[in-house]
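Written below as structure tokens is the structure these notes are about.
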There are 2 protein chains.
Amino acid sequence: MAQNQKSGRVTIKEVAEDAGVSVAAVSKVLREAYGVSEALKTKVRASMKKLNYRPLATARGMRGQTFTIGVTFPDLRNPFFADILAGINSALERTQYQLMLGVSLSTPLIEETLIDSMIDRQMDGLILVGTTVNPAFLEPTASRKPLVTIGHHVEGESSFDTVNNDDRLGAILVVRHLVANGYRKIAMLSLNSTTSTLITEREHGYRQAMGDHGLQEHVQILRVGQTLREVQTATRRLLQSPDKPDALFCWTDFIALEVISIATELGLAIPDDLAVVGYDNTMYCDFAQNNLTSVDQSGEVLGLQSARLLIERIRGRQEAEHFVVTPRVVARGSSLAVGGRGMGQGS
Amino acid sequence: MAQNQKSGRVTIKEVAEDAGVSVAAVSKVLREAYGVSEALKTKVRASMKKLNYRPLATARGMRGQTFTIGVTFPDLRNPFFADILAGINSALERTQYQLMLGVSLSTPLIEETLIDSMIDRQMDGLILVGTTVNPAFLEPTASRKPLVTIGHHVEGESSFDTVNNDDRLGAILVVRHLVANGYRKIAMLSLNSTTSTLITEREHGYRQAMGDHGLQEHVQILRVGQTLREVQTATRRLLQSPDKPDALFCWTDFIALEVISIATELGLAIPDDLAVVGYDNTMYCDFAQNNLTSVDQSGEVLGLQSARLLIERIRGRQEAEHFVVTPRVVARGSSLAVGGRGMGQGS
DNA sequence: CTGAAAGCGCTTACAG
DNA sequence: CTGAAAGCGCTTACAG
């Protein structure tokens with residue numbers, strides 16, 4: 001009866017008929033627009049409820065908003081993204097915005113397709129986590145849609161907001177921590193991305209800190225892909241070389257856990273033969289079998305702030321804002337030799 | 001010029017003008033509909049390319065399809081879902097369908113909202129992974145949208161397709177494996193869900209297998225939530241009780257890794273004092289520090305098949321199909337006491 | 001405060 | 001094979 005035969009959906013027209021008002025009036029109630037009498041509001045709301053009306057987001061998007069926010073993640077294997085999502089979720093909880101996620105498989109081309117397809121679906125705003133797309137793609141996109149990035153560093157960006165932890169400082173803190181615990185030959189296991197600015201920042205911080213501690217001769221950066229096999233091959237080679245480092249700083253926890261596995265298989269004791277440090281301080285760090293020292297950048301805060309900034313953008317803010325979290329090292333067993341290491345405590 | 005001022009978007013109308021044909025003709029080329037001359041096709045395609053035309057999915061959805069497939073996951077913490085996603089992705093690679101993900105935080109109410117909002121966004125079909133919503137909600141939803149579930153068991157379901165591994169058999173294989181390795185007091189760490197049929201199946205298999213091996217007196221099922229704190233509290237209590245089991249079968253890897261951590265902290269040796277077995281055979285099982293025996297249910301196959309079935313449904317198939325994968329135990333160090341256990345090898 | 005009408009960008013019968 | 005027109009379910013000026 002009141003239902004559209006085709007889709008089984010109640011439309012705004014049916015609500016209007018039921019309430020005895022115009023379609024425009026129902027629309028106004030829906031949007032909580034100004035200039036509607038309480039009486040009409042009450043009537044319309046009653047009909048909506050009675051008919052179990054749900055506005056069609058796609059139709060709303062034709063003229064107005066879809067109330068959809070798109071979030072892109074590089075992958076689903078890195079548990080850090082769950083923390084970010086939790087933050088975004090809690091920021092959006094009391095709003096009418098709905099989250100839709102996309103995964104780019106850390107591939108710039110797939111990510112561009114994904115972003116385009118989110119715009120084709122009229123999403124009201126985008127949060128890009130750990131984006132790898134070209135700036136030449138990002139700029140025009142941002143000029144057309146409210147956009148916030150997490151984990152992307154750009155100097156004086158004005159067309160979109162950014163949310164970051166201070167990745168350079170994070171790396172500096174790691175080196176400082178390792179040096180304070182007697183490690184000297186500190187290598188870095190980095191990502192072989194050509195576009196990740198987050199990686200650039202961490203590498204920069206690592207180099208800088210090594211220099212500051214007079215350890216430039218030990219600077220060694222391995223840039224490796226994310227597949228298990230690549231990490232294994234590179235790490236095995238490094239740890240079996242005559243020039244084996246005594247500490248390995250990994251760009252993310254997930255990779256650090258693999259390193260612990262490989263080192264263990266090679267018969268190396270952690271942290272005595274090798275210290276391992278990760279980044280992101282994900283829940284796996286706390287597990288006794290990992291006991292992984294890591295850098296906390298508070299994914300939940302990053303997620304929360306990005307959603308907050310995005311909503312502001314959607315509501316009309318024009319000037320860019322850049323939110324930065326200060327990272328901190330959470331020291332655990334993987335870098336704390338019992339009673340300190342024999343060598344190098346003199347600094 | 002050729003661009004719509006407002007959104008900076010090229011519309012089908014502008015393509016039609018550029019190509020000197022009607023809007024309907026462009027639409028037909030877009031949909032690869034029958035009855036279009038090669039000459040017209042070529043012309044239109046050239047204009048599309050030249051103007052960099054992208055159809056607006058929301059507008060297409062008003063009459064036809066949006067070419068969007070919605071996938072719901074319980075959470076982003078369980079690495080198993082990355083495997084499923086990989087399978088779905090590879091099935092959709094050569095199609096024009098775009099994936100949009102939603103996360104329900106293992107909460108039925110949030111999941112229902114999520115599903116509704118995906119329908120409001122005119123998604124062409126839905127894949128529900130580890131759904132927890134009520135059948136009373138699922139049935140009417142499935143009658144309106146093509147739907148496939150992964151990890152949801154229903155007897156003779158006819159309104160949607162299901163893709164599963166044989167969860168009952170999986171549990172049976174675990175008990176059999178543990179018994180063969182000398183364990184007797186085998187407890188199960190399960191999930192306190194009231195709606196998960198997957199859990200019911202695994203519990204059933206566990207009970208049945210324990211009975212088959214004459215171990216009904218040792219049947220012990222702990223139903224616990226997914227938060228770290230809940231798992232910790234329950235596991236600590238269990239492992240410190242006088243009636244401590246000698247093996248613990250965990251409903252998913254992620255929980256099993258926590259159990260390994262807790263047991264380690266309590267000074268229990270794995271697998272000598274306690275065997276631990278997980279489910280899903282995620283990549284973490286292979287890490288030397290975990291070395292976790294687990295049940296492989298091939299998430300990638302589950303994902304691939306679900307996408308395949310969904311596309312068939314969208315294309316019009318009416319009869320339900322039910323795909324089942326046979327699970328297998330992947331034995332690792334967490335359940336293989338060196339040289340076998342002293343007791344109970346007599347069976 | 002309320003409503004009739006136009007319009008968003010597509011697809012879908014229906015003529016020709 | 002091609003196109004003019006109606007329509008999908010909303011929102012947006014614009015009258016009243």
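Proteins get letters first, then strands, A, B, ... in listed order; numbering begins at 1 in each.
The residue Tyr34(B) sits apart from the nucleic acid: no heavy atom pair falls under 4.0 Å.
Closest heavy-atom contact between Ile127(A) and Ser306(A): CD1-OG, 3.7 Å. Of all heavy-atom pairs spanning Met123(B) and Met100(B), the tightest one is CE-CB, 3.8 Å.
Not one side-chain nitrogen or oxygen of Tyr53(A) sits closer than 4.0 Å to the OP1 or OP2 atom of dG9(D). Between Ser37(B) and dT2(D) there is a side-chain polar atom (N or O) within less than 4.0 angstrom of OP1 or OP2.
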### Query
Please walk me through it: do Thr162(A) and Glu157(A) pass side-chain hydrogen bond (donor to acceptor under 3.5 Å, both in side chains)?
CA-CA 8 Å; Thr162(A) 67; Glu157(A) 177 57 56; over 6 Å; no

### Message
Applying salt bridge (Lys or Arg N to Asp or Glu O under 4.0 Å) to Arg77(A) and Asp83(B), what does each step give before you reach the verdict?
### Response
CA-CA 9 Å; Arg77(A) 296 212 134 83; Asp83(B) 297 341; 2.6 Å; yes

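Atom CZ in Arg9(A) sits about 9 Å away from atom P in dG9(D), given to the nearest Å. Following rounding to the nearest Å, Met48(A) (CE) and dG9(D) (P) show an atom-to-atom distance of 15 Å. Straight-line distance from the CD atom of Gln122(A) to the P atom of dC10(D): 15 Å, rounded to whole Å. Between the C1' atom of dG3(C) and the CD atom of Glu17(A) lies a distance of 14 Å, rounded to the nearest Å. The separation between Lys13(A) atom NZ and dA5(C) atom P is 14 Å, rounded to whole Å. Between the CG atom of Leu56(A) and the P atom of dG7(D) there is a distance of 18 Å, given to the nearest Å. Taking atom CE of residue Met62(A) and atom P of nucleotide dC10(D), one finds them 13 Å apart after rounding to whole Å. Rounding to whole angstrom units, CZ of residue Arg121(B) and C1' of dC10(D) are separated by 14 Å.
A salt bridge links Lys41(A) with Glu38(A): at least one charged nitrogen is closer than 4.0 Å to a carboxylate oxygen. A salt bridge is absent between Arg313(B) and Asp124(B); no separation between the charged side-chain nitrogens and carboxylate oxygens falls under 4.0 Å.
For dA13(C), there is no paired base (Watson-Crick or G-U wobble, both distances below 3.5 Å). With a cut-off of 3.5 Å on both Watson-Crick or G-U wobble distances, the partner of dA4(C) is given as none.
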### Summary
Nucleotide by nucleotide, nucleotides 11-16 of chain D touches protein heavy atoms under 4.0 Å in the pattern (B base, S sugar-phosphate only, - none) BB----

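Between His152(A) and Phe160(A), the ring-plane angle classifies as parallel under the 30° and 60° cut-offs.
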